[in-house]
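Okay, structure first, notes after.
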Amino acid sequence: MVDTIRSFEHIAQEHLSKLYDLSESREITRQLLEEVLDCSRTHLLLLDKDTLLSPLEAGRLERMLHELSEGSPLQYTLGYALFAGQRIQVAPGVLIPRPETEELIELILQHPESQASQHLLDVGTGSGCIAHALTALLPEVSESFAIEVSSEAIPIAQRNFDALREETGRLVTLWKKDLFALVEEHTPPSTPFDLIVSNPPYIHPDEAMEMTPQVLLHEPHLALFAPEASPIAYYLALGALIQQGYLSSGGSLWVELNPLYAHETEEALHKNLGREHCSTQLIGDLSGKERFLHLVYHA
Ligand code: GLN
């Protein structure tokens with residue numbers, strides 16, 4: 001029975017050791033306790049192990065443990081993920097932000113020209129993590145938009161944008177939109193964006209067998225998998241938006257992509273936009289794989 005911190009730690013260890021190694025399961029146990037007891041790590045470490053848990057706290061901890069035992073990723077169970085130093089709400093309708101995407105944010109922030117960006121568009125925002133981080137961290141952003149097609153993701157992104165607004169006064173406007181439908185509409189904004197960012201679905205369905213069950217069974221396939229017939233379709237659609245006037249001259253497109261299609265994507269964008277109209281750079285992630293593309297548009 002779970003009625004003290006000690007008894008919870010004991011039961012958690014029993015359940016989590018089937019899925020995680022010892023140090024991971026200890027860390028997860030601490031994070032669950034911090035969340036439910038609403039306390040910091042330091043406070044938790046100072047608490048007596050015989051501290052009694054209320055029936056409500058014990059019930060919540062047991063439910064979380066049950067979810068984790070069924071393979072739910074920790075972030076879904078906690079309800080949040082840390083991303084670029086910010087707490088982002090997540091739930092099964094959105095992808096859990098990845099460390100690579102944090103690298104993308106870092107690349108953008110470090111690029112001198114981003115510092116002057118005022119009009120931002122995030123395509124396929126999911127949880128909203130990219131738009132949230134850039135709107136919070138780029139000093140000159142005055143207008144920020146995010147588009148997302150998934151009805152499950154929309155309320156989660158909106159909650160993250162509402163939290164951002166409360167904390168910083170900065171606003172992200174969320175549109176429920178399908179990228180491909182937007183391309184068909186031919187309705188470029190009167191003021192073009194100077195920064196367009198996207199981490200679209202880019203895994204080829206054939207790669208599914210290399211993915212862990214935790215990802216495959218729990219995270220939204222809509223956010224993970226590219227169309228089988230054209231794994232770079234989202235990038236071509238982003239190129240089409242640029243051709244229609246969505247990106248200002250001198251503006252930047254930053255995308256995360258599949259290292260398997262990095263060169264193909266770069267080539268296709270050159271071809272569709274015209275070599276004289278863009279300069280591109282492929283950038284490696286921390287494991288050395290070509291994971292990001294930066295395109296500067298010259299209208
Ligand atoms: N990088 C993610 C993963 O490996 C995929 C994200 C995406 O498809 N945009 O799970």
Side-chain angles (χ1 to χ4, degrees), residues 19 71-77 80-84 88-108 121-134 146-150 152-154 156-157 160 177-180 182 195-239 241 253-266 268-269 282-295:
L19 289 162
S72 163
L74 175 65
Q75 292 88 339
Y76 287 157
T77 294
Y80 71 88
L82 292 178
F83 181 78
I88 295 289
Q89 291 192 41
V90 293
V94 297
L95 211 63
I96 295 166
R98 302 289 201 266
E100 295 90 283
T101 311
E102 280 184 315
E103 284 181 53
L104 175 65
I105 300 294
E106 205 177 315
L107 286 168
I108 297 171
L121 175 66
D122 175 17
V123 178
T125 200
S127 63
C129 62
I130 293 179
H132 184 285
L134 293 177
I147 70 170
E148 175 54 54
V149 67
S150 154
E152 278 186 283
I154 289 281
I156 301 167
N160 282 316
K177 267 276 168 224
D178 173 30
L179 169 61
F180 300 104
L182 189 64
L195 181 58
I196 301 181
V197 186
S198 186
N199 172 24
Y202 61 65
I203 301 176
H204 190 280
D206 287 350
E207 295 177 84
M209 43 220 197
E210 290 149 39
M211 294 161 72
T212 64
Q214 227 183 16
V215 172
L216 271 181
L217 297 176
H218 297 274
E219 297 199 71
H221 287 198
L222 180 66
L224 288 168
F225 291 107
E228 181 154 19
S230 173
I232 66 166
Y234 285 93
Y235 303 90
L236 300 181
L238 289 167
L241 289 186
L253 168 74
W254 290 87
V255 293
E256 185 176 322
L257 44 65
N258 188 331
L260 292 175
Y261 306 112
H263 289 274
E264 194 183 320
T265 307
E266 185 179 37
L269 286 169
L282 288 172
I283 305 163
D285 62 17
L286 284 177
S287 68
K289 293 188 175 145
E290 280 171 332
R291 176 81 59 190
F292 312 107
L293 180 136
H294 177 206
L295 178 148

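Atoms within each ligand, like the ligands themselves, are counted from 1 in listed order. Worth knowing before you read on, the calculation uses all heavy atoms, side chains too, and leaves out hydrogens, waters and symmetry mates.
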Response to the item:
When distances are taken from atom 2 (C) of ligand 1, the protein heavy atom at minimum range is R98 NE, 3.8 Å

Worksheet item: Counting from 1, what ligand 1 atoms have a heavy atom of A223 closer than 4.0 Å?
Response: 7 (C), 8 (O)

Worksheet item: Of E207, H204, R291, which meets side chain to side chain donor-acceptor pair (under 3.5 Å) against N258?
Response: E207

Worksheet item: Given the rule in the side-chain contact (heavy atoms from CB on, under 4.5 Å) test, do E219 and L224 qualify, once you have shown the distances and angles that lead to the verdict?
Response: CA-CA 8 Å; E219 297 199 71; L224 288 168; 4.2 Å; yes

Practice prompt. Decide ring-ring contact (aromatic ring centres under 6.0 Å, His included) for Y235 and Y261; before the verdict, give the C-alpha distance in whole Å, the side-chain angles of both, and the deciding distance to 0.1 Å.
Written response: CA-CA 11 Å; Y235 303 90; Y261 306 112; 9.1 Å; no

Discussion item. Taking a cutoff of less than 4.0 Å between a non-hydrogen atom of the residue and any ligand atom, is G124 in contact with ligand 1?
Written reply: no

Discussion item. N199 versus ligand 1: do any nitrogen or oxygen atoms come within less than 3.5 Å of each other?
Written reply: yes

Worksheet item: Is it the side chain, the backbone, both or neither of P200 that has a heavy atom closer than 4.0 Å to ligand 1?
Response: backbone

Worksheet item: Does Y234 use its side chain to pair, donor to acceptor, with the backbone of L179 at less than 3.5 Å?
Response: no

Response to the item:
re atom 4 (O) of ligand 1, the protein heavy-atom contact at minimum distance is I203 CD1, 4.0 Å

Item to complete: Evaluate the side-chain proximity of V123 to I196: yes if any heavy-atom separation is below 4.5 Å, no if none is.
Response: yes

Practice prompt. Taking atom types as modelled, find out whether Q75 and Y80 have a side-chain donor-acceptor pair closer than 3.5 angstrom.
Written response: no

Fill in: 4.0 Å heavy-atom contact, L224 with ligand 1
yes

Worksheet item: In Å and rounded to the nearest 0.5 Å, what is the CG to SG distance from L95 to C129?
Response: 8.0 Å

Worksheet item: Under a heavy-atom criterion of less than 4.0 Å, does T101 contact ligand 1?
Response: no

Response to the item:
re atom 1 (N) of ligand 1, the protein heavy-atom contact at minimum distance is Y202 OH, 2.8 Å

Worksheet item: Which part of L95 is near ligand 1, with near meaning a heavy atom under 4.0 Å away: side chain, backbone, both or neither?
Response: side chain

Fill in: ligand 1 contact on E256 by region, counting heavy-atom pairs under 4.0 Å
side chain

Item to complete: Determine whether the side chains of Q89 and S127 contain a donor N or O and an acceptor N or O closer than 3.5 Å.
Response: no

